[in-house]
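All values below were derived from every heavy atom in this structure, side-chain atoms included, with hydrogens, water molecules and symmetry-related copies excluded.
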Amino acid sequence: MKKRTIEIMDTTLRDGEQTSGVSFSAAEKLTIAQLLLDELNVDRIEIASARVSEGEFQGVKGIMSWAHEKGYSNRIEVLTFVDGGLSIEWMNNTGAKVQNLLTKGSLNHLIHQLKKTPEQHFSEIAACIALAQENGIETNVYLEDWSNGMRNSPDYVFQYLDFIATQPIKRVLLPDTLGVLIPEHTFEYLSKIVEKYPSIHFDFHAHNDYDLSIANVMQALKAGVHGLHVTVNGMGERAGNAPLESTVAVINDFMPDIAINVKESSLYKVSKLVEAFTGYRIPANKPIVGDNVFTQTAGIHADGDNKNNLYFNDLLPERFGRKRQYALGKTSVKANIEKNLQELGLKLNQEDLKLVTQRIIELGDKKETVTKEDLPYIISDVLHSKIFEEKIVVESYILSHAKGMRPSTTLSLKIDGELIEEHAQGDGQFDAFMNALGKIYQSKNLSLPKLIDYAVRIPPGSSSDALCETVITWTNNGKEFKTRGLDSDQTVAAIVATQKMLNVV
C-alpha cells in the first residue's frame, strides 16, 4: 500500500504560548525550535505572532539566524495580520520567510469584528499576499473561526475559498478556533472542501475544548487533509490544542495508509523539556508522556506481564524512550513487588515476600505513597534484618538563616560508623546542606547523584503547621529515581529524602 505523507506543523511556540501563564524567553524559543526540527523532525513550526513585543521580535530574529544557516527558513512560520504591510515589514526585519496570514473564516467574525463586506476583506488579503510575494515571503492563510463558518455561513466559506484559489498561496489553514467540532462534522466539512479544491493544500488545526481533538484529527486525515497543527503536551488557549505526542502515536498505530516524518522516540524528551521551561505540569495520566501511563498498578496486570505479556498493547514505552513500571500500593500483589525487586537486584523467599506484600498493602490503605526506592526500608522494617540497615546516617545538623547573611549548614554525617563533620554556605538552607554534604563526599572520593527536580506538596486546605512531602528526583549513572521525605519543615523533609537517596545509591 502506497502511503501518503502528511505534514506535521508544531505551533507550541505560537499557539501553545497562549496557555495561561506561559511565556518563553528568546533563548527558550530557540532551544525548543532546534529540538522540534532537528530532534523530532517535525515538518514545520509556527514560532510567533508578528508585532506583539520586542521579546517576540528578538526571539524570531534569533531563530531565523540559526535557521538560515541550517537551510530551514521555509520550515519556520509566523502568524501575521491584514494590516497594510506592517507585518511584512516586521518579518523582513526578523528574516522570517513564511507568513501565516490571519483572515476571517466566518461571516459572523467578518461582519461583527471587522465590519466589512467579503469583497473588501478579499481585496485587502490579496494586497497582503502580493506585498509578501514582492518581498520574497511565502504565504499560507488561516481562516479564523472556520468551523463555525461551515456551521453557520458555508456559502461565505466557499466564496472565500473560490477567491483564495486564485491567489499565489502555499497552504490554506483551517482551524477549529473555538473547539466546537465533533468527529462526524469534521469529516463532513473537510471532505467537501478537499473534494472541491483538489489542487489546494489544506491543514487542519484542532482545539480540545470537548476532549475531541485527536478524534477530529483522525477524521480530518480520513477526509484527505494534507497537514495537521499540533502542540507539545497539547498546550494552548483554554483546553489546548491537539497534542503532538498523541497525534503521532495514533497515526503510527491506526492509520496504516499515512506516513509522517516525526521521530516518536524523541517525544518524551521534548515533552519534559517544554514542561521544565513552562512550569506547566504534565498530568500524571496524560497519554504517552504522563508519569503513570506506563505504570501497572493492579497486581493481576503485573502477573500477566510475567506470563507472555498478557497486558501489553502496541503502546510500548520503549517506543518513546520510556520504561514500564509497576506501582506499589494496596492493589499490589507479589508480582508487582517482584518486578520492583528485580530492578533493585534483590530477591526474597516466598515467606518474606508475603510479609513485605502485606506491609505495602497496609501502607496503601493509609494512602501512603510507596516507591521502588522505599522497598529496602520496608524490607528492613518488616524482617527486622540488618541486611538493609542504613550505612549512611545524618547524625545532626545546624541550619542557619539570618537576614543579610548567606544561609549556612553545619553537618555531621556517619558513613560506615565514621563520623565526619563539615560546614558550608549556600543560596538557601537546603543548598547549604547539599554543599556541606558534597564536601564530605569529596573528602571520601565519593560522588553524589545529581538533583534534577524538587517538588513540595502539602494537603489541600492545610494550614502552616501541616506535614509537607518533599519529592526529589535524582539521576545517577544515567538512571532516574525519586526519594521522599515527610516533615512539618520543608528543609527537614528534603534532608530526610536526601538521606534515603544516600542509602539507595
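Remark: Asp453 engages Arg281 in a salt bridge, criterion side-chain N to carboxylate O under 4.0 Å.
Checked by atom type and distance alone, the side chain of Thr12 pairs as donor or acceptor with a backbone atom of Val232 at under 3.5 Å. No donor-acceptor pair under 3.5 Å is formed between the side chain of Glu245 and the backbone N or O of Leu267. Judged by distance alone, with hydrogens and angles left aside, the side-chain atoms of Asn208 form a donor-acceptor pair with the main-chain N or O of Leu212 at under 3.5 Å. In this structure, the side chain of Asp431 engages the main chain of Asp427 through a donor-acceptor pair within 3.5 Å. At distances below 3.5 Å, not a single donor-acceptor pair connects side-chain atoms of His109 with backbone N or O atoms of Asp145. Under a 3.5 Å cut-off, the side chain of Lys29 and the backbone N or O of Ile47 do form a donor-acceptor pair. Of the possible polar contacts, none joining the Asn261 side chain to the Asn41 backbone as a donor-acceptor pair under 3.5 Å is found. No donor-acceptor pair closer than 3.5 Å links the side chain of Asp209 to the backbone N or O of Ala239. No donor-acceptor distance shorter than 3.5 angstrom exists from the side chain of Asp43 to the backbone of Met9, with no hydrogens or angles considered. A donor-acceptor distance shorter than 3.5 angstrom exists from the side chain of Gln120 to the backbone of Thr117, with no hydrogens or angles considered.
Under the 4.5 Å side-chain criterion, counting only non-hydrogen atoms from C-beta, Glu89 is not in contact with Asn135. Val98 is not listed as a side-chain neighbour of Ile76, based on a closest heavy-atom distance of 4.5 Å or more. The shortest side-chain heavy-atom distance between Leu178 and Ser147 does not fall under the 4.5 Å cut-off. Annotation: side chain of Asn152 is not in contact with side chain of Asn108 (no heavy-atom distance under 4.5 Å). The side-chain heavy atoms of Trp474 and Thr498, taken from C-beta on, include a pair separated by under 4.5 Å. Arg75 is not listed as a side-chain neighbour of Ile45, based on a closest heavy-atom distance of 4.5 Å or more. Counting only heavy atoms from C-beta outward, the side chains of Val60 and Trp90 approach each other to under 4.5 Å. Looking at Val172 and Trp146, their side chains never come closer than 4.5 Å, going by heavy atoms from C-beta outward.
Atom CG in Leu13 sits 10.5 Å away from atom OG1 in Thr231 (nearest 0.5 Å). Note that the CD atom of Gln159 and the NE2 atom of His121 stand 11.0 Å from one another [nearest 0.5 Å]. Separation of atoms CD1 (Ile260) and CD1 (Ile6) is listed at 9.5 Å; rounding is to 0.5 Å. In this structure, CG in Leu181 is found 9.5 Å from CE in Met150, a value given to the nearest 0.5 Å. From Leu101, atom CG reaches atom CD of Glu144 across 11.5 Å, with rounding to the nearest 0.5 Å. The OG atom of Ser49 sits 6.5 Å away from atom CD of Gln18, with the distance rounded to the nearest 0.5 Å.
For Thr80, the side-chain hydrogen bond (donor to acceptor under 3.5 Å, both in side chains) criterion is met by Gln99, not counting sequence neighbours. Remark: Glu7 engages Arg44, Arg171 in a salt bridge (Lys or Arg N to Asp or Glu O under 4.0 Å) (not counting sequence neighbours).
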Working for side-chain contact (heavy atoms from CB on, under 4.5 Å), residues Arg319 and Asp314: CA-CA 9 Å; Arg319 286 172 50 183; Asp314 289 338; 4.2 Å; yes
Stepwise side-chain contact (heavy atoms from CB on, under 4.5 Å) test for Trp66 and Leu30: CA-CA 8 Å; Trp66 166 77; Leu30 176 59; 4.0 Å; yes
Candidate pair Glu134 and Ile88, rule side-chain contact (heavy atoms from CB on, under 4.5 Å), full reasoning: CA-CA 10 Å; Glu134 289 172 16; Ile88 297 300; over 6 Å; no
Met434 and Phe430: CA distance, side-chain angles, deciding distance, side-chain contact (heavy atoms from CB on, under 4.5 Å) verdict: CA-CA 6 Å; Met434 291 300 295; Phe430 183 63; 3.7 Å; yes
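For OH of Tyr454, the number of neighbouring non-hydrogen atoms (other residues, nucleotides, ligands) closer than 6.0 Å is greater than 12. No more than 12 heavy-atom neighbours from other residues, nucleotides or ligands sit within 6.0 angstrom of CD on Glu195. Within a 6.0 Å radius of NZ in Lys286, more than 12 heavy atoms belonging to other residues, nucleotides or ligands are found. At most 12 non-hydrogen atoms from other residues, nucleotides or ligands lie less than 6.0 angstrom from CG of Asn477.
Of all the heavy atoms in Val78 and Met91, the pair that sits closest is CB-CE, 4.4 Å. Ala242 and Val217 make their closest contact through CB-CG2, 4.0 Å (heavy atoms, listed as atom of the first residue, atom of the second, distance). Residues Ala215 and Pro183 approach most closely at CB-CG, 3.7 Å, considering heavy atoms. Minimum interatomic distance between Thr409 and Ala432 (heavy atoms only, all atoms of both residues): OG1-CB, 3.5 Å. In terms of heavy atoms, Pro243 sits closest to Ser213 at CD-OG, 3.7 Å. What you find for Ile258 and Lys3 is that their closest heavy atoms are O-CD, 4.0 Å.
Side-chain atoms of Asn74 and Glu138 form no donor-acceptor pair, as typed in the model, at a separation below 3.5 Å.
Under the 30°/60° scheme for interplanar angles, the aromatic rings of Tyr189 and His185 are found to lie parallel.
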For residues 219-228, please give each side-chain donor-acceptor pair under 3.5 Å, one per line with the distance, not counting sequence neighbours.
residue: His226; atom: ND1; partner: Phe202; partner atom: N; Å: 2.9

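Separation of the Tyr142 and His229 ring centroids falls under the 6.0 Å cut-off.
The side chain to side chain donor-acceptor pair (under 3.5 Å) with Asn241 is formed by just one residue from the set Asp15, Thr247, Asn233, Thr19; it is Asp15. A side chain to side chain contact (heavy atoms under 4.5 Å, CB included) with Val248 is found for exactly one of Val250, Asn252, Ile251, namely Asn252.
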